[in-house]
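Report on one structure; see the data block that follows.
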Amino acid sequence: MSERLRFIEHSGKRVFVIDLSQCPRDEILALLSDIQDTVGEQPRGSVLILADFHGAQVDKTVATRMKEVLVFDRPYVKRAAWVGTEDLPKVFYENFKTFSQRDFPTFKTREEALEALTRE
């Protein structure tokens, strides 16, 4: 697994960190398949995901592939929290939510996102 994709422990819970910060579009496209595979290997309804989009290069091609992955991952994800969404075009963020029929709460920092994810 890439350094950008890893599981961490926070407050006794396992969180899948997807670090797309400052990530070029071609690398994001390559990572999306790894994300889909990794999440799909986990038990349904179990995955806590923290995604960081600070400075990520998300264009229409990346957004289209992300929507596909978000739909595929839906049955496996318990909760997700995103940071750095101010760097995403608003239309992409809204399309992600609509297309995947999921909510992606946003936070200013990773710490805030981790606290929200691991709170029962």
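Quantities reported herein were computed from a predicted structural model and do not represent experimental measurements.
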For a 4.5 angstrom cut-off between non-hydrogen side-chain atoms, does [X] reach [Y]?
{"X": "Tyr76", "Y": "Gln36", "value": "no"}
{"X": "Leu31", "Y": "Ser33", "value": "no"}
{"X": "Val77", "Y": "Phe16", "value": "no"}
{"X": "Asp26", "Y": "Pro24", "value": "no"}

Contacts satisfying salt bridge (charged side-chain N to carboxylate O under 4.0 Å, His left out) that involve residues 43-54 (not counting sequence neighbours) are Asp52-Arg110
Q: Would you list the pairs meeting salt bridge (charged side-chain N to carboxylate O under 4.0 Å, His left out) in which at least one residue belongs to residues 68-79, sequence neighbours left out?
A: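 Those involving residues 68-79 are Arg65-Glu68, Lys78-Glu120.
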> Quick one: CG on Leu20 to CZ on Arg25, what's the gap to the nearest 0.5 Å?
Replying inline: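 Going from CG on Leu20 over to CZ on Arg25, the span is 13.5 Å.
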So CD1 of Ile49 and CZ of Phe7: to nearest 0.5 Å the spacing works out to 8.0 Å
ILVMFWY network linking [X] to [Y], side-chain heavy atoms under 4.5 angstrom:
{"X": "Leu29", "Y": "Phe92", "answer": "yes"}
{"X": "Val71", "Y": "Val91", "answer": "no"}
{"X": "Phe99", "Y": "Leu32", "answer": "no"}

**Q.** side-chain hydrogen bond (donor to acceptor under 3.5 Å, both in side chains): pairs with one or both residues in residues 84-98, sequence neighbours excluded
**A.**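 Matches after skipping sequence neighbours: His54-Glu86.
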When every non-hydrogen atom of Ala81 is compared with those of Ala113, the smallest separation belongs to CB-CB, 3.8 Å
Between Ser46 and Pro43 (side chain of the first, backbone of the second, donor and acceptor by atom type, cut-off under 3.5 Å), is there such a pair?
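Here the side-chain-to-backbone pair exists.
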So, Arg102 side chain and Leu70 main chain: donor-acceptor pair closer than 3.5 Å or not?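 Yes; at least one donor-acceptor contact below 3.5 Å.
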### Listed partners of Glu27 passing salt bridge (charged side-chain N to carboxylate O under 4.0 Å, His left out), at least two apart
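If we apply the salt bridge (charged side-chain N to carboxylate O under 4.0 Å, His left out) test to Glu27, skipping adjacent residues, the hits are Arg4.
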**Request:** May I have the step-by-step check of side chain to side chain contact (heavy atoms under 4.5 Å, CB included) for Val62 and Gln57, ending in yes or no?
**Result:** CA-CA 8 Å; Val62 169; Gln57 293 180 355; over 6 Å; no
Who else is in the cluster with Val17 when I, L, V, M, F, W and Y are joined by side-chain contacts under 4.5 Å?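 Ile8, Val15, Leu48, Leu50, Val83, Phe107, Leu114, Leu117, all in the cluster of Val17.
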Sorted by chain and residue number, the ring-ring contact (aromatic ring centres under 6.0 Å, His included) partners of Phe104 (sequence neighbours excluded) come out as Trp82
Should the heavy atoms of other residues, nucleotides or ligands under 6.0 Å from NZ of Lys13 be counted, would the total exceed 12?
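Result for NZ/Lys13: enclosed.
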